[in-house]
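Index from 1, following the sequence. Bear in mind that the values here come from a model prediction, so they are computed numbers and not experimental data.
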Amino acid sequence: MNTRDDQPQASSGSLAAPVLKALAVHLGVAMMLFVSFSSAPEFEPAKPIVQATLVQLNSKSPATTQTNQSIAGEAQKTAAPQHEAEELKQEQQKQEEAAAQAREERAAEAAAAAEAAKEQKQAKAQEQAKEQKEAEAEKAAAAAEARKADAAKKLAAEEAAKKKAADEAAKKQAAAEAAKKKAADEAKKKAAADAAKKAEADKAAQQRRDAEEAKARALAELLADETQYQQAQADQIGDEVAASFDDLIRRYVSEQWRRPPTARNGMVVEVVVSMLPTGQITDAVVARSSGDAGFDQSAVQAVRNVGRIPEMQQLSRDNPATFDRMYRKRTLRFKPEDLSF
């Protein structure tokens with residue numbers, strides 16, 4: 001792109017051509033005038049108006065000589081005005097030619113000046129067009145820079161928005177991870193608490209089972225010599241009464257007992273039966289296991305299926321002490337081949 005400093009040099013270069021053309025035109029006109037002057041025709045000398053024929057006489061008298069001189073003088077006087085007129089005419093012609101030449105020179109100068117003005121105007125127009133083009137180029141460049149700046153600004157805004165969205169997503173993810181970790185920790189704490197509660201409950205249940213087993217063992221030891229115990233009871237209430245109630249209980253339970261396939265001879269399970277004075281069975285607990293869980297469970301289930309022994313209500317009403325001592329809690333021995341007390 002040309003700068004402002006190059007414009008004066010271009011303008012002076014554009015003005016040099018018209019000046020050279022004007023000089024060439026002037027030089028051509030001068031040469032044409034010189035050629036016209038050199039080729040101009042020569043005029044013949046003016047002839048006297050009075051024509052006279054001189055006759056030479058042999059006589060040399062003074063009169064004849066005087067007459068010849070007078071004739072020659074008249075001829076010269078007559079030729080002088082004619083010559084002056086011709087010179088005046090030539091002078092006028094020269095002046096007219098000079099005037100014409102001057103007019104031609106002025107016309108050539110005017111044409112050269114017009115041409116120079118035209119060329120200068122064209123140069124000025126070209127310069128203005130060039131300046132306008134440069135201005136338009138600068139404007140276009142500025143517009144391009146502005147668009148580029150807007151695009152960069154828009155890109156920066158988009159990048160900022162993306163970064164903000166990514167930061168928010170990261171924050172949300174971090175919050176979700178924190179919430180998830182907190183929930184997991186709480187779940188672990190709750191699971192640990194539940195496990196601790198369950199362990200305590202299991203421990204308490206085991207302690208209750210141990211206590212019941214200990215109690216059952218104590219009761220079994222107390223009733224180890226069943227023959228003597230039943231004999232002692234028979235002495236108090238009579239052999240017939242004891243035998244009748246034992247047979248009654250044995251009959252009710254036998255009707256509900258379903259021996260499992262795993263039952264084998266030699267197995268024995270002791271079940272403690274709890275009853276109310278109404279004959280309602282409230283509980284059945286294994287006091288001593290046979291070693292087979294299925295066999296033990298069948299015995300417990302048989303007692304529970306009985307539900308109630310109505311005849312016990314009469315015993316508890318007639319002899320409540322005997323009921324409390326013998327049948328409020330009663331141990332039954334289950335064997336695969338028989339059911340006994």
Subject >> G279 to M312 - nearest heavy-atom pair and separation >> reply: CA-CB, 3.7 Å
Original post:
Is any NZ, NE, NH1 or NH2 atom of the basic residue among D167 and K163 found under 4.0 Å from an Asp or Glu carboxylate oxygen of the other?
Top reply: yes
Subject >> Heavy-atom check, side chain of D150 versus side chain of K154, under 4.5 Å >> reply: no
Original post:
Under 4.5 Å between side-chain heavy atoms, hopping through other hydrophobics if needed: is there a path connecting L248 to V273?
Top reply: yes
Subject >> pair R103-R106: side-chain heavy atoms closer than 4.5 Å >> reply: yes
Subject >> Heavy-atom side-chain contact between V269 and K335 under 4.5 Å >> reply: no
Original post:
Do side-chain atoms of S298 reach the backbone of F295 as a donor and acceptor pair under 3.5 angstrom?
Top reply: yes
Original post:
So, for V303 and I281, which heavy atoms are closest and what is the spacing to 0.1 Å?
Top reply: O-CD1, 3.6 Å
Original post:
Looking at S290 and D296, what are the two nearest heavy atoms and their distance?
Top reply: OG-OD1, 2.7 Å
**OP:** Decide yes or no for V286 and F334: does some side-chain heavy atom of the first lie under 4.5 Å from some side-chain heavy atom of the second?
**Re:** no
Original post:
Got a second to check how far Q313's CD is from F323's CZ, nearest 0.5 Å?
Top reply: 10.0 Å
Original post:
Which atoms form the tightest heavy-atom contact between G294 and D292, and what is the distance?
Top reply: N-OD1, 3.1 Å
**OP:** Say whether, by atom type as modelled, one donor and one acceptor occur between the side chain of R259 and the main chain of P336 under 3.5 angstrom.
**Re:** yes
Original post:
Could you state the interatomic distance from CG (D283) to NZ (K329), rounded to the nearest 0.5 Å?
Top reply: 7.0 Å
Original post:
Between atom OH of Y327 and atom CD1 of I249, what is the distance when rounded to the nearest 0.5 Å?
Top reply: 5.5 Å
Subject >> Reported NZ-to-CD distance for the pair K197 and E200, which is rounded to 0.5 angstrom >> reply: 11.0 Å
Subject >> side chain to side chain contact (heavy atoms under 4.5 Å, CB included) partners of E105, counting only residues at least two apart >> reply: V29, L33, Q101
Original post:
Is it true that a side-chain atom of R308 and a backbone atom of T278 form a donor plus acceptor pair closer than 3.5 Å?
Top reply: yes
Original post:
When you measure from the side chain of Q280 to the backbone N and O of G307, does any donor-acceptor pair fall under 3.5 Å?
Top reply: yes
Original post:
Among side-chain atoms of Q301 and N305, is any donor-acceptor pair under 3.5 angstrom?
Top reply: yes
**OP:** Kindly compute the distance separating CD (Q132) from CD (E134), expressed to the nearest 0.5 Å.
**Re:** 11.0 Å
Original post:
How far apart are the closest heavy atoms of Y252 and V306, and which atoms are they?
Top reply: O-CG2, 3.5 Å
Original post:
Atom NZ in K121, atom NZ in K124: separation rounded to 0.5 Å?
Top reply: 9.5 Å
Subject >> Within 6.0 angstrom of Q256 CD, more than 12 heavy atoms from elsewhere >> reply: yes
**OP:** Give the minimum heavy-atom separation between A284 and V271, together with the two atoms involved.
**Re:** CB-CG1, 4.0 Å
